[in-house]
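I have placed the structure first, in the form of C-alpha cells, so that the comments after it can refer back to it.
Proteins get letters first, then strands, A, B, ... in listed order; numbering begins at 1 in each.
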Amino acid sequence: MDLPSEQAADFRRTLARWYKQHARSLPWRETRDPYRIWDSEVMLQQTRVNAVLEHYARFLRKFPTIVSLALAPEADVLAVWSGLGYYRRARMLHKAAQFITAELDGVLPSTSAELRKLPGIGEYTSAAIASIAFGESIAVVDGNVERVLLRLTGRPEQTTSESKRFVADQAAALVPQRRSGTNAPGDHNQARMELGATICMPKGPLCLQCPVYDFCRTRGEHKTEAREKMRSRRVAYLLHQRKRGSVIEVMLHHRPADASLMPGMYELPELPMDGVEAYTPTLRVRHSITNTNYYVEVFTADKTLLRALPLSIREYEWCRLGQLADLPLTGLARKVLRRLHLIASPGVRMPQPETMMRQ
DNA sequence: AAGCCGTGGGG
DNA sequence: TCCCCAAGGCT
C-alpha cells in the first residue's frame with residue numbers, strides 16, 4: 001500500500017472511528033490490569049474468542065493475581081486450562097508468573113523487549129501486551145493483521161520470510177505514536193485484529209461493510225491457500241467405575257510428564273479397536289484434534305475389556321467423581337465425562353472487571 | 001526453520 | 001455429517 005503520510009493518517013482515523021463504534025465488548029477490553037491482558041493474549045493464541053470467554057472468567061476467579069498463579073500447583077493451572085488446548089501455554093504462563101514473583105518483585109515488565117524474554121511471550125504477544133496494557137507504539141502482527149494487510153496491498157499470500165518482513169514493515173508504518181490521555185497504539189492494534197476477525201475474514205469477507213474499503217486493492221478478490229484435508233480415525237475408551245464406601249471412583253490414565261502430547265493430563269483408558277468389535281458403545285462422540293476427526297466410542301468395562309487394556313490395572317489411577325472437575329483432564333476426557341453426567345458443566349459467571357488501573 | 005502442539009463451534 | 005478453523009511459540 002505504501003500510503004503517503006496523510007493517507008496513512010486518514011486510514012488510522014477511519015479505522016479508529018469504526019473500532020470505537022463496532023468493537024465487541026470483551027472482558028479483557030474492560031480492564032487495563034496488565035496481568036489480565038497478558039492472560040487473555042496467551043489464551044487467545046490460536047484459539048477462538050468463544051472458547052476463551054469461558055476459561056478466562058474461571059481462570060481469573062481462581063488466579064486473580066500473578067502471585068496467586070505463581071503459588072498454585074501446576075496441576076491446578078492445567079485443570080482450569082482443560083479444554084482450551086495447547087497446554088504448554090498454561091505451563092509457560094505459570095512459569096513466567098513464578099519468575100516474575102521471584103525475580104521481578106511480582107511486577108509484569110512494561111516494555112515489549114522485556115516481555116519478550118518471558119516464556120510463552122513471543123513476537124506477537126509481547127507487542128500486544130506492551131501496546132494494549134502500556135500504550136507502547138509497536139505494531140502487532142497476528143494472522144488477522146497479516147491477512148488484512150495482504151488484502152489491502154494486493155500482495156499475494158506467501159509464507160516466505162520476505163513476505164513476513166513486508167507485512168511487518170507495513171504494520172509498523174501504520175502504528176500511531178503514543179499520545180497522552182488515550183491509548184492510540186493499543187486501540188489501533190486491536191482495531192486491525194477486530195477488522196480481520198469480524199469483517200475481513202479468511203473466507204467470505206464482508207467487504208461492503210468494511211470501513212477501509214476505499215483503501216483496499218483487492219476488495220475480496222484475495223485468495224487464501226487451501227488446507228490439508230482432515231483425516232478420520234476411530235478410537236475406543238473404557239469407562240470403569242467402582243464404589244469405595246459412599247464415594248464413586250472412575251479409572252483414569254495419567255499421561256506421562258514427558259509425553260509430547262498433553263503431558264500430565266488425565267484421560268480415560270484407551271482400548272485397542274480390535275478388542276471392542278463385539279461390543280455396543282455406551283457413548284459415541286466426535287472429537288477433532290489438529291488434522292484428525294476422531295470418532296470416539298466409550299465402552300463400559302467388563303472382564304474381557306479389562307484384559308484388553310494396554311497397561312496393567314495398577315498403572316491407572318482411581319479418581320473420585322467429586323474431584324474430577326479439579327483434575328487436569330484432556331478435552332476429550334472432560335467432554336465424555338460430562339456427557340455421562342459424571343462431572344458437572346461449570347457454571348459460567350463473569351468476574352466483575354477491576355476498576356480501571358490507568359497509570 | 002518446518003513441524004508440532006488442541007479444541008468446540010459453526011458452516 | 002464432514003470440514004475448517006483462530007489474537008503463536010518453541011525447538
>> Measure CZ/A:Arg286 against C1'/B:dT7 and give the value in whole Å, please.
In response: 10 Å

>> In this structure, how many angstroms lie between the P atom of C:dG9 and the CG atom of A:Leu118, rounded?
In response: 12 Å

> Which one, B:dG9, C:dG9, C:dC3, comes nearest to the side chain of A:Met92?
Replying inline: C:dG9

>> Side-chain heavy atoms nearer than 4.5 Å, only ILVMFWY residues, links allowed to pass through others: does that put A:Leu239 and A:Phe299 together?
In response: no

> C1' atom, C:dT1 versus B:dG8: distance in rounded Å?
Replying inline: 16 Å

> Do A:Thr330 and B:dG6 share a donor-acceptor pair, side chain to base, under 3.5 Å?
Replying inline: no

>> Could you tell me how far apart A:Arg88 (CZ) and B:dC4 (P) are, to the nearest whole angstrom?
In response: 13 Å

> Starting at the 5' end of DNA chain C and moving along, which residue's nearest nucleotide shows up first, A:Ile121 or A:Gln190?
Replying inline: A:Gln190

> Under 4.0 Å between a side-chain N/O of A:Ser260 and OP1 or OP2 of B:dC5, yes or no?
Replying inline: yes

>> Heavy atoms only, 4.0 Å cut-off, all strands: where does A:Ile129 land among base, sugar-phosphate and nothing?
In response: nothing

> By salt bridge (Lys or Arg N to Asp or Glu O under 4.0 Å), which residues pair with A:Arg91, not counting sequence neighbours?
Replying inline: A:Glu74

> In whole angstroms, how far is the C1' atom of B:dT7 from the CD atom of A:Glu267?
Replying inline: 15 Å

>> In this structure, how many angstroms lie between the C1' atom of C:dC5 and the CZ atom of A:Arg147, rounded?
In response: 11 Å

>> Cation-pi check for A:Tyr295 against A:Arg233: NZ or CZ below 6.0 Å from the six-membered ring centre and within 45 degrees of the axis, yes or no?
In response: no

>> Please report the distance, rounded to the nearest Å, between NZ in A:Lys203 and C1' in C:dA6.
In response: 14 Å

> With a 4.0 Å cut-off on heavy atoms, is A:Arg89 in touch with a base, just the backbone sugar-phosphate, or nothing at all?
Replying inline: nothing

>> Testing the basics here: between A:Arg334 and A:Leu327, what is the closest heavy-atom pair and its distance to 0.1 Å?
In response: NH2-O, 3.6 Å

> Within the structure shown, what part of the strands sits under 4.0 Å from A:Arg339 by heavy-atom distance: base, sugar-phosphate, or nothing?
Replying inline: nothing

> Checking all strands, does A:Met43 fall into the base, sugar-phosphate, or nothing category for heavy-atom contacts under 4.0 angstrom?
Replying inline: nothing

>> Applying a 4.0 Å non-hydrogen cut-off, can you work out what A:Tyr295 is touching in the nucleic acid: base, sugar-phosphate, or nothing?
In response: sugar-phosphate

> Which is true for A:Glu123 with a 4.0 Å heavy-atom rule: it touches a base, it touches only sugar-phosphate, or it touches nothing?
Replying inline: sugar-phosphate

> Passes ring pair (Phe, Tyr, Trp, His ring centres under 6.0 Å), A:His94 versus A:Trp81? Steps please.
Replying inline: CA-CA 11 Å; A:His94 188 218; A:Trp81 207 270; over 10 Å; no

>> If you go through the side-chain atoms of A:Thr47, does one of them form a donor-acceptor pair with the base of B:dG6 closer than 3.5 Å?
In response: yes

> Considering residues, nucleotides and ligands other than A:Arg284, do more than 12 of their heavy atoms fall under 6.0 Å from its CZ?
Replying inline: no

> When the distance from CD of A:Gln46 to P of B:dC4 is rounded to whole Å, what number comes out?
Replying inline: 15 Å

> With a 4.0 Å cut-off on heavy atoms, is A:Trp28 in touch with a base, just the backbone sugar-phosphate, or nothing at all?
Replying inline: base

>> Measure NZ/A:Lys335 against C1'/B:dG9 and give the value in whole Å, please.
In response: 10 Å

> Can A:Arg155 be said to sit on top of A:Phe166's aromatic six-ring, NZ or CZ under 6.0 Å from centre and within 45° of the ring axis?
Replying inline: yes

> Do A:Arg48 side-chain and C:dC5 base share a donor-acceptor contact under 3.5 Å?
Replying inline: yes

>> The side chain of A:Asn50 is closest to which nucleotide in this list: C:dG9, B:dG6, B:dG9?
In response: B:dG9

> Which residue lies toward the 5' end of DNA chain C, A:Pro119 or A:Asp142, if each is placed at its nearest nucleotide?
Replying inline: A:Asp142

>> Can you identify which nucleotide, out of C:dG8, B:dT7, B:dG8, has its nearest atom closest to the A:Met262 side chain?
In response: B:dT7

>> Less than 4.0 angstrom between a side-chain N/O of A:His287 and OP1 or OP2 of B:dG6, yes or no?
In response: no

> Counting side-chain heavy atoms from CB outward, which of C:dA6, B:dC5, B:dG8 is closest to A:Pro202?
Replying inline: C:dA6

